[in-house]
Undergrad: 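Have a look at the structure that comes next, please.
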Amino acid sequence: MQQQHGPIINSRKQFLLRGSTKIIVEFFEYCVNSLLFQRGLYAAEHFKMTKKYGLHMLVTTDPAVKEHMANILKQVEEWLMVSKVEKLILAVKSKETMAVLERWQFDIRNEKDDPSYTDNGASPSGSRASAPPKTEQQIQEEIQAIMRQITACVTFLPMLDGKCTWTILCQAARDAEVPTTWSDADPHLIQNPEQVKLRSFSTNMHRVDAMVAYRLRDD
Amino acid sequence: MSQHTGDPEQVRRLNRTPFSTSTSSLQPTARTPFGEKSITPVVPTRQPITPFWTDNTSPSTCPAGSKGRGVVADHEQENGTHARIKHQRTLESDEVEQARKKLKDAQFELSTTRTELELKIITLEQAIRTSEIEREKLANRADELQSQRRFLFEKEKKTSAKNHELEEQLNEYKKTSDETIRTLDDEIYTLKETLAGLTEHHRHNESQLNQKIQELQDSLSYQEVTLTQFRDTSESQSNLAEDKHRQLSEALGRVASLELENRHLKQREQEFEHVDWTRKELQNQVSYGQQLETKNRQLIAECNHYKDMYRNAEVLKEEKAALQQKLTMLDDLRVKYGMLEVQNGVLRKEKQQWFAFLDEADSRDFNSPHDLAKTIASLRREQSALVGTNGELEASVRSRDSFIAQLETQLKNLKRVLLEQEQQMTMLSATSRRCEQLKDLAIRQVDSLKEQLKSYDIEETNLMGGSFDNSKNARIAELEKLVQEYHTKLEAAIATSANQTNSSNAPEATASAKLLQSMADGHAATFNQLSQEKQKLFETKNMLEVENARLRTECASLEAKVEEHEIAIGAGAFNPITSRVLEIKDSPAARHQAVRQHMLDSLKEENTELLKVVAQQQRRLDEVSAGDGPSAMGTDQDSDLPATSLVPAASFNRLKGDYQRLQEEINSAKKRSDRMEEIWGTKSDEYLEAVEALLGYRFNFLDDGRVEVVSVYGSAEHRSFVFSSGENDEGTMELVGAGSNRYVNSHREEAMRLIQQVGSIPAFLSQATLDAVEELEQRRQEHGSHLHQLQADHLHRINKRQSFGAVDSRNPNQVEVVLPRSLGLGRRDPMHRPPSSTNQGSSATTTSSEEDQTRHSDMTMDMTMG
């Protein structure tokens with residue numbers, strides 16, 4: 001019986017991992033799209049409105065950007081499936097100086113691999129096993145809260161003067177398989193940073209902590 | 001006594017008086033176990049007891065003369081007296097018995113009370129002694145405590161003074177650190193200012209240098225242009241000079257030939273006719289040669305000028321080199337600026353560390369934060385230790401004060417008890433004295449009774465003779481013996497009881513003494529032990545406080561480090577051993593970076609090419625200036641510059657790249673405008689649909705500027721109106737046509753009334769809509785399902801639409817309405833939307849045909865709404 005249970009559990013875990021990965025990738029896609037719109041990296045006419053997470057989300061209509069995002073997210077999904085992703089970062093840079101102005105960081109932790117993880121911040125992972133699994137509605141509500149907070153962040157973030165460009169970084173494990181289209185990159189450190197921790201959400205497999213770091217004005 | 005001096009009976013009687021002084025009463029016999037004299041009752045030896053009545057009722061009181069009276073009477077009298085005596089004797093014996101019993105009881109009570117009193121006195125004395133000892137001890141302890149208190153007070157004074165000194169030192173340290181921090185802040189501020197000044201100066205210099213470079217480049221380009229012009233002019237001048245030279249040589253040759261001719265002429269001499277002509281020709285040639293020489297001089301001057309120009313170019317080159325040097329200096333300044341930035345960052349970090357170590361934000365520090373933190377931590381530790389010691393000492397003083405107060409209260413209690421005991425003792429001594437007196441009285445009574453009894457016995461033996469009751473005497477003697485035995489037994493019992501009470505009381509007293517002693521000893525021992533434990537606890541507490549302070553400082557430093565790490569992680573730091581940061585190669589930032597890099601590379605390449613060209617030009621100018629005379633110029637003219645040297649390929653490539661980039665930007669702008677158009681179309685469609693859903697009319701904007709308003713009710717009847725802008729396009733609309741004659745005829749009155757009189761096109765359109773709805777309702781009643789179908793279609797259309805905000809482009813208050821006089825209108829399908837605007841316009845104009853043309857001129861009503 002135990003020999004039969006093993007593959008069933010593994011397949012269930014894989015199923016959960018796949019579902020969780022899909023949720024995170026989708027969240028990241030919508031989040032990046034929203035940030036590209038909110039931070040004015042592309043003009044508003046390059047976006048269309050769709051309803052997601054119970055919110056009106058803006059998604060790019062630029063085919064080049066869409067293709068670029070799809071390529072990135074496909075690789076991120078692969079890495080997430082083997083639990084090699086540690087952080088996903090959206091860096092906003094100045095076109096003139098190429099200095100990093102903002103850094104939207106999403107820490108991804110695999111809760112099942114993390115022994116110190118506590119769901120409510122109090123009980124160890126033993127109680128996590130007894131906790132009921134999160135429903136899709138609950139996850140969506142958490143993501144909705146983050147999206148709202150990201151939208152609200154625009155109020156206190158400094159204005160992006162001048163033209164800006166962006167890039168997506170993936171902090172992965174050292175032993176992650178890297179395709180030829182990807183390469184090691186500069187960590188895009190921010191000089192004179194100020195950082196704000198945002199809300200977090202968790203699926204039944206992962207936990208995503210959001211944070212934004214931005215460069216303070218020199219004056 | 002003087003009356004009975006010669007009478008022996010009288011003497012005997014007197015001797016048998018109960019209160020005879022000869023009988024001794026109490027005599028001190030032994031000492032108590034406590035060293036006190038005990039009073040033991042001494043039983044008197046048996047003496048003749050005189051009856052108590054001897055003084056008044058005794059027969060011996062009868063006169064001696066009366067003995068000779070009658071024998072019978074005497075005998076009867078004797079018998080009577082015997083009986084009376086017997087009776088009296090029995091009575092006396094009973095009384096004696098009772099008195100003895102009383103005596104025994106009294107003696108017993110006396111002995112018990114005496115023993116009790118003695119015991120009480122002994123215990124009280126012992127208590128007094130112990131209390132005195134205790135009091136002495138307490139006084140000694142109080143003295144010691146007072147001395148300790150004084151010592152502790154002095155120590156506390158010293159510690160407070162030391163604390164004060166330490167606080168003052170700390171304040172001084174703080175002040176000095178504040179001053180140093182202030183000075184450091186000032187230095188930082190001055191450094192910042194100098195840095196800002198340097199950066200400003202650097203920027204200013206850079207801008208000046210850039211401007212100079214630009215000017216120099218412009219002047220260089222201008223010089224190059226002028227150089228090329230001069231080269232061209234010099235080439236042309238050289239060509240001219242060559243021509244002139246050739247002409248001169250030709251002229252010289254001609255002169256030579258003329259000289260030859262002259263020589264020939266001279267030789268001929270006869271041919272004087274040609275001499276004047278030849279002279280003139282010669283003069284002309286000479287003047288021409290002089291002109292050529294002047295031109296040659298001018299050209300030499302120009303060459304000199306060009307040489308000067310070359311020198312100027314050299315000067316410019318030098319200036320350029322100097323500017324390049326300045327640029328290198330500026331680069332050095334940039335490096336210095338970076339160094340200063342780094343130093344500033346280090347100082348800021350140090351300041352933050354200081355802030356982390358010091359609680360107050362405006363606190364200042366030493367040479368290094370660690371030193372300051374260490375000193376402050378040690379000072380705080382010392383201060384806390386001293387405060388702790390002070391507190392401990394105060395606590396000990398307080399505990400000792402409380403102990404002294406307890407002892408004082410105990411002493412007071414003991415004094416109070418002592419007083420009570422003394423009072424009780426005085427009371428008991430008074431009672432014992434009374435008891436003693438009673439006892440003496442009782443003994444005297446007993447002695448007198450005994451004497452009376454003796455005297456009675458003697459009298460009986462003397463008077464009664466043979467009738468003396470020996471058995472009674474024996475019985476009395478036995479009884480006396482018995483009494484004596486009882487006495488001895490009583491004494492023995494008293495003695496044993498005294499011994500027993502002494503022996504039983506002594507342990508109690510010793511126990512109490514021992515208890516008090518042990519209490520005192522125990523107090524002292526426990527006090528010493530407690531003081532030692534307290535000292536140990538002090539030391540451990542101080543150690544723990546020191547450890548705590550050290551751990552706190554470590555904790556603060558670790559917290560600061562954690563904060564730094566958090567900030568660093570937030571800024572993007574990561575562990576390169578376990579992680580790596582990956583980026584897709586074809587990212588927008590990478591693309592932009594590549595474009596920039598390409599631009600930079602192409603500019604660098606162009607710059608190097610241009611520098612090469614400049615160098616070549618300079619070399620050429622050098623060669624031109626170095627070459628003297630026309631020969632050098634002639635050699636320069638022979639070599640041509642390559643065409644590519646003037647316009648480098650790099651410039652072309654760069655311009656090509658710029659062109660491509662601009663093309664891409666144009667494409668992106670075009671894409672954006674396309675997207676805008678697309679969105680505009682979508683939004684306008686949505687707007688029209690919303691207007692149609694809300695107002696019941698669809699708007700078709702025709703090419704000629706007219707607007708066709710088509711009612712959604714009655715698609716088959718061509719229910720539409722055509723409006724156009726008023727005269728001069730002043731924001732007014734006029735009704736210029738309709739979809740069908742019947743439709744416009746049916747609404748002619750409403751149009752006249754609402755548009756002409758009321759001046760409201762919306763009211764007219766609403767009225768038309770209401771009429772159409774009523775008509776449809778009538779038809780529905782007639783045909784039933786037809787309207788249902790229409791309504792279903794309409795509802796289906798409405799459900800697909802979205803609501804949007806209204807767009808008001810014209811002022812509805814200014815409406816100019818032109819109604820056709822003839823309302824015979826052409827037929828067209830109002831529900832059909834034309835496929836394109838051009839076709840729409842043409843259809844609108846063509847389908848209306850002649851009727852439309854006539855209705856424009858039929859009726860025109862100008863109306864202006866106020």
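Chain A is the first sequence line, chain B the second, and so forth, proteins listed ahead of strands; every chain is numbered from 1. In this text the structure is predicted, and so the values were computed from the model without any measurement.
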Undergrad: Shorter than 4.5 Å, heavy atoms on both sides: which option in T180(A), D107(A), I89(A) has the most such pairs with chain B?
TA: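 Max contact count across the listed options: T180(A).
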
Undergrad: For chain B, which of Y214(A), W166(A), W182(A) has the most heavy-atom pairs under 4.5 Å?
TA: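 Sorted descending by pairs with chain B, the first entry is W182(A).
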
Undergrad: Based on non-hydrogen pairs under 4.5 Å, which of A568(B), S587(B), G345(B) is most in contact with chain A?
TA: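 Counting heavy-atom pairs under 4.5 Å, the top option is S587(B).
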
Undergrad: Between the side chains of K671(B) and D674(B), is the shortest nitrogen-to-carboxylate-oxygen separation below 4.0 Å, so that they form an ion pair?
TA: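 No salt bridge links D674(B) with K671(B).
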
Undergrad: Given that the side chain runs from C-beta out, which part of L189(A) has a heavy atom under 4.5 Å from chain B: side chain, backbone, both or neither?
TA: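 Both backbone and side chain of L189(A) come within 4.5 Å of chain B.
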
Undergrad: Any idea which of R591(B), R672(B), M676(B), Q593(B) has the most non-hydrogen atom pairs under 4.5 angstrom with chain A?
TA: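 Looking at each option in turn, the highest pair count goes to R672(B).
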
Undergrad: Between I168(A), T167(A), D175(A), who has the most heavy-atom pairs with chain B when the cutoff is under 4.5 Å?
TA: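 Highest number of heavy-atom pairs under 4.5 Å: T167(A).
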
Undergrad: Shorter than 4.5 Å, heavy atoms on both sides: which option in A44(A), A173(A), A172(A), A91(A) has the most such pairs with chain B?
TA: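 Max contact count across the listed options: A172(A).
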
Undergrad: Does the pair D601(B)/K604(B) count as a salt bridge with the N-to-O cut at 4.0 Å?
TA: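 No salt bridge links D601(B) with K604(B).
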
Undergrad: Can you tell which of M211(A), R174(A), K197(A) has the highest number of heavy-atom pairs within less than 4.5 Å of chain B?
TA: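 Maximum pair count with chain B is reached by R174(A).
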
Undergrad: Is any NZ, NE, NH1 or NH2 atom of the basic residue among D185(B) and K351(B) found under 4.0 Å from an Asp or Glu carboxylate oxygen of the other?
TA: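 Here D185(B) pairs with K351(B) in a salt bridge, since their nearest N and O are under 4.0 Å apart.
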
Undergrad: Taking only Lys NZ, Arg NE, NH1 and NH2, and the carboxylate oxygens of Asp or Glu, determine whether K74(A) and E78(A) approach each other closer than 4.0 Å.
TA: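 Answer for the salt bridge query: no.
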
Undergrad: With only heavy atoms counted, which part of I584(B) is less than 4.5 Å from chain A, the side chain, the backbone, both or neither?
TA: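 Looking at I584(B), backbone and side chain both touch chain A.
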
